[in-house]
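Lettering follows sequence order; numbering is per chain, from 1. Just so we're clear, the structure is a prediction, and the values are computed from it rather than from any experiment.
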2 protein chains.
Amino acid sequence: MTVYVAPLKDMQFVLKELAGLDQVAKLPGCEDASAELVDQILEESGRFCSEVLAPLNQSGDQEGATWDQGRVTTPKGFIEAYRQFVEGGWNALEFPPEFGGQGLPKLVATPVMEMRKAANLSFSLCPLLTCGAIEALLLRGTDALKKTYLPKMIEGSWTGTMNLTEAQAGSDLAQVKAKAVRHADERLGEHYRIFGQKIFITFGEHDLAENIVHLVLARTPDAPQGVKGISLFVVPKFLVNADGSLGQRNDVHCASIEHKLGIHASPTAVLIFGEKEGAVGFLVGQENHGLEYMFIMMNAARFGVGLEGVAISDRAYQQALAYAKERVQSRDLSGGAKPVPIIRHPDVRRMLMSMKAHTEAMRALAYVVAAAMDIAHLDPDAALRAKHQAFADMMIPVVKGWSTETAIELASIGIQVHGGMGYVEETGAAQHLRDARITTIYEGTTAIQSNDLVGRKIAREGGATAKEVIKAMRVVEGQLAKAQGEDMAAIRAALAAGIAAVEDCVAWIVTSYATDIKAVHAGSVPFLKLMGIVCGGWQMARAALVAQKKLAAKDADASFYQAKIATARFYADHVLAQATGLRNTVVRGAAGVMALTEEQF
Amino acid sequence: MTVYVAPLKDMQFVLKELAGLDQVAKLPGCEDASAELVDQILEESGRFCSEVLAPLNQSGDQEGATWDQGRVTTPKGFIEAYRQFVEGGWNALEFPPEFGGQGLPKLVATPVMEMRKAANLSFSLCPLLTCGAIEALLLRGTDALKKTYLPKMIEGSWTGTMNLTEAQAGSDLAQVKAKAVRHADERLGEHYRIFGQKIFITFGEHDLAENIVHLVLARTPDAPQGVKGISLFVVPKFLVNADGSLGQRNDVHCASIEHKLGIHASPTAVLIFGEKEGAVGFLVGQENHGLEYMFIMMNAARFGVGLEGVAISDRAYQQALAYAKERVQSRDLSGGAKPVPIIRHPDVRRMLMSMKAHTEAMRALAYVVAAAMDIAHLDPDAALRAKHQAFADMMIPVVKGWSTETAIELASIGIQVHGGMGYVEETGAAQHLRDARITTIYEGTTAIQSNDLVGRKIAREGGATAKEVIKAMRVVEGQLAKAQGEDMAAIRAALAAGIAAVEDCVAWIVTSYATDIKAVHAGSVPFLKLMGIVCGGWQMARAALVAQKKLAAKDADASFYQAKIATARFYADHVLAQATGLRNTVVRGAAGVMALTEEQF
């Protein structure tokens, strides 16, 4: 069993020094989010995640969720852990008090979510999907739907799912075929009957909650073809009586669960709707607008998956670090007769620094984006709301794509630190790689994120938001130029090269999108990686500047701040160093991508 | 079940046009290796691998090897496949005819080995270890040992193992504790009794062969401490009678096998030597020289594992390509109402090109190194032998480290091409990642390779061999400068930047090694990656030049050669583009690696 300890110190540093918790706490409705309360919440959450969720991570992986005759059993301990999760109110943090939520800002919910994901990714997927379903209902549910479902879902005693994918409709939701037929009867009044098969439904069936509220994309008989003919429905596992009690079992059943590379404790269900009389469903919002609602909710879900990248990276880092301090092997290069802990060997240290630096940069970027979502949602100033919304919209595919792609690399490095023991499943290091591997796929693959980034988020507005970000990064570059010391100079040089690379690419994307869209898409994933690297470097540079100030002011935490500067320096030399190469790949690389005919492969 | 088809065309191209098969066939003893015979061997091998080994790859993974009371059972079909492998003479290709081998050059054995590894990596590990043990006996075995063991081992009816690792002695063989005590009795004469426990012994116990010949590192009671007190012993599972028949069971037993991330069909054994009277062992060479012999053999084993990187990359590519041609999803960016096969989408194509380009570059580099090993071994000219030995010695850690690190990335990309289906184990894509993940660990981790590269292979000789390689690459750069067309210009520019990056790093390594060895080791893995990328680019540039000549001469295979140029172009823009960044990381990156104290992590 491997240990997880929430990185409270870095989380609090990022919240307060980089993401502007004090500003967020001034937003209307967020007044409760004082530094003291936030500290308490994070500590309490850290304890819960370390003591309750983390110990079930490896056992859950080994046992896995199991299916028998349509019933799904989660691994030992999950039911009790979920009960404690609900009782602790952990599902309710960011939702409106009127439905039982705690109304805390996204920025505060974010580290709590990170901890839960780091402690037990499989477990965390159940609330992730519940939150997605809650957002859909908050956004477009009728008052009746809200009243019936939201209090239980926000509490967590009912969970939610998102039913998008069908065998022929994965990334391409235009191909959704599930049917929804208008129906009315005395018992239920106006509703729909849903028929079809959905696959890849996370926690589509399980034994953690009394009821499961499926949100389902389907087509009405007269709907237009393609994405403009998809509607969104609420389909509960058990129908809900007028008094709120659970009624009849709905006509939706779990036909099987997948045998996957990782996240074994999270059941991935095939759901069959309408084998008999049709599953009873209730329309969310208007007919034919389902995909539009999904897109609005998707930001939250994609951000959540991006955070999974941060979380697994940190978990893998903690495990690798513990092993590197404990495992004794080979002499120190600088001399001595005895073998030493492997953390003394330069390449082990390089691997650990890479894990640490990437994780801190990804965390900082994610939290900064969370704060922007709060401002975009709550600030009284409409212009400021719009500005932060545009920033969040642009950065969410970066947080999602970059953090998850990086998490796979870092989890793999975590195995490498362990040497041969990393390849043995009992060690637990390999699980992080297996678990991380899904994160670049679900909630939109990295290509889907990157196409969204270059198309909707950059080209469509002529790069306006991207140029704002470049401007903000240049301000930090200017501050670095005035800062003292070799580390700051190195960080500045690397950041400057990174900003120039982003600027070149943005200009190229804006001009090329209309003339050669395939070339832009051919370079979109390398561009997303570049954006992640440079925006992560921007945050690390900000962190280094704060740290230098704290050190100058003789802050008691000197060791933490010195480490922050060294970590930012490492990031500059080892990560930002890739920026110019990526720029060249984006701008020049399309010819080679598109040259072959299909037969030439 | 996924299909494997040997890439005969590219293999033959590399053998003939890049690795100089015709020159190798002129070496003494290699006269049989005519182009016609080699074609036949490759075709026959391809058939065997496709029809016999590949179909057992996924079933072998799912079933796994199993342990019961010291006996190990391989998955269904492995015994019969191994019988056919032995009957086909596939184990004997490169070994001397006097012991029943076919005396073919390493260069010819290399593609055959690649096919076997691509078809079924787990299966291929049994002969890989047998070959290692054969090399040890050829190198330093007494005539009696050779006569007793080699014919059966070269035939393959007995297999071999390498017993190095102990729980406290992984990368650090100085810590080996297994004991070897001199002993003599009437029945066996002079021999040793071996006591100790070895872990991570690939095919240390199994049901494929009549006998298993363990090569074991152990210490005699009077041996010096550290690496200079380790001796090498032959310890057969069954003792061999004077007439060659199998005698008594030796005192070596399999206590368990590991539960691993991948290579499930390859049993990784814990072996206990000497639980009773001591395992009977016979000294190989002289006492206390065991590690020296291991180092000589290690080149072959490391090269073999490097080839595993090439092989798995190709297998993962073939599977991803087949899926990308078949899976229909989303419309073509250039228009049309219907969804198209995903190979038409730019990012899918980028992923496939990355898999293809890397695999071809790694294959070319590996085969060129194989040819150098043949020349180093057989050329009548001692100076030429030495030159090629130095080249092979320098490149083997690159082939091992770069090809395996890259294989992990490519196998992961292979999953990504499959989207959600890639994460479902039944698809088979995930197995390649799980299998590939061991290759950067066993036979020396990437750090071990890179430290060997910067230390023994570069710094120790002042970079002499590296400078020869740089000179050879500059010749190709000059040829590209004279070649026509935009693709050649792009390849030349990228290669030139790559060569400059290598040159800077070599100069820095040579000067820094004496003054700041930790800094050199801190950058050694990025440097190994740089060397791989640039030397792979060198081979792709050579391939493009050959292709351009063939096209000018109106060769019938125009499509293949056009694809080769486009692939080299892709490699230049997407892979060589990383060179300058890596150079900066190597030369400037040490400060950040070493800055933190252990407590600051």
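The parts of B/M421 that come within reach of chain A are both its backbone and its side chain, each placing non-hydrogen atoms under 4.5 angstrom from that chain. Only the side chain of B/L433 comes within less than 4.5 Å of a heavy atom in chain A; its backbone stays farther off. Only the side chain of B/D332 has a heavy atom closer than 4.5 Å to any heavy atom of chain A. Of the atoms belonging to A/E405, it is side-chain heavy atoms, and not backbone ones, that fall under 4.5 Å from chain B. Within the 4.5 angstrom heavy-atom criterion, no atom of B/Y571 approaches chain A. Looking at A/L596, the atoms closer than 4.5 Å to chain B (heavy atoms on both sides) sit in the backbone and in the side chain alike. Heavy atoms closer than 4.5 Å to chain A are found in both the backbone and the side chain of B/A447. Only the side chain of B/K325 comes within less than 4.5 Å of a heavy atom in chain A; its backbone stays farther off. Of the atoms belonging to B/R327, it is side-chain heavy atoms, and not backbone ones, that fall under 4.5 Å from chain A. Of the two parts of A/T580, neither the backbone nor the side chain holds a non-hydrogen atom closer than 4.5 Å to a non-hydrogen atom of chain B. Of the two parts of B/I408, only the side chain, counted from C-beta on, holds a non-hydrogen atom closer than 4.5 Å to a non-hydrogen atom of chain A. Using a 4.5 Å cut-off between heavy atoms, A/A591 touches chain B through its side chain atoms alone. Contact annotation for A/N451: neither backbone nor side-chain heavy atoms come within less than 4.5 Å of a heavy atom of chain B. Looking at B/L333, the atoms closer than 4.5 Å to chain A (heavy atoms on both sides) sit in the backbone and in the side chain alike. When heavy atoms are compared at a cutoff of 4.5 Å, B/I415 approaches chain A by way of both its backbone and its side chain. Interface remark: B/T446 contributes backbone and side-chain atoms alike to the contact with chain A (heavy atom separation under 4.5 Å). The part of B/F200 that comes within reach of chain A is its side chain, from C-beta onward, which places non-hydrogen atoms under 4.5 angstrom from that chain. Residue A/A167 touches chain B through its backbone alone, counting heavy-atom pairs closer than 4.5 Å. A/S450 does not touch chain B: none of its heavy atoms, backbone or side chain, sits under 4.5 Å away. No part of B/A493 comes within reach of chain A, as not one of its non-hydrogen atoms sits under 4.5 angstrom from that chain. Of the two parts of B/T268, neither the backbone nor the side chain holds a non-hydrogen atom closer than 4.5 Å to a non-hydrogen atom of chain A.
Residue with the most contacts toward chain A among B/M353, B/Q578, B/E425, B/E409: B/E425 (heavy-atom pairs, distance under 4.5 Å). The most heavy-atom pairs under 4.5 Å with chain A, out of B/P339, B/G226, B/A174, come from B/P339. When the candidates A/A522, A/A579, A/A566, A/A595 are compared by the number of heavy-atom contacts under 4.5 Å with chain B, A/A522 comes out ahead. With chain B as partner, the option from A/H418, A/M351, A/R434 having the largest number of non-hydrogen pairs under 4.5 angstrom is A/R434. The candidate from A/I517, A/V525, A/T445 with the greatest count of non-hydrogen atom pairs under 4.5 Å with chain B is A/V525. When A/G581, A/P346, A/A324 are compared by the number of non-hydrogen pairs under 4.5 Å with chain B, A/P346 comes out ahead. Contact count versus chain A (heavy atoms, under 4.5 Å) is highest, among B/Q225, B/H259, B/E258, B/K356, for B/H259. Ranked by heavy-atom pairs shorter than 4.5 Å toward chain A, the options B/L261, B/D347, B/T597 are led by B/L261. No other option in A/H574, A/R588, A/R583 has as many heavy-atom pairs under 4.5 Å with chain B as A/H574. Between chain B and the options A/A357, A/A577, A/A568, A/A572, the largest number of non-hydrogen pairs under 4.5 Å is found for A/A577. When each of B/M594, B/Q600, B/R437 is scored by its heavy-atom pairs under 4.5 Å with chain A, the top score falls to B/R437. Counting heavy-atom pairs closer than 4.5 Å to chain A, the top-ranked of the candidates B/N584, B/L321, B/V575 is B/L321.
Residues of residues 557-565 of chain B having a heavy atom under 4.5 Å from any heavy atom of chain A, listed by number: B/S559, B/Q562, B/A563.
Using modelled atom types and a 3.5 Å distance limit, the side chains of A/Q416 and B/T440 yield a donor-acceptor pair.
B/F601 contributes atom CZ, which lies 5.5 Å from atom CG of A/L352 (distance to the nearest 0.5 angstrom). A distance of 11.0 Å separates CD1 of A/I342 from CG of B/D172, quoted to the nearest 0.5 Å.
Put simply, the side chain of A/E598 reaches to within 4.5 Å of the side chain of B/R349, judged on heavy atoms. Contact check for B/V328 versus A/Q175: no side-chain heavy atoms found under the 4.5 Å cut-off. Contact annotation: the side chain of A/R350 approaches that of B/P526 to within less than 4.5 Å [non-hydrogen atoms, C-beta and beyond]. Taking 4.5 Å as the limit, some side-chain heavy atom of B/I263 sits within range of a side-chain heavy atom of A/Y423.
For B/H345, there are no ring pair (Phe, Tyr, Trp, His ring centres under 6.0 Å) partners at least two apart in sequence or on another chain.
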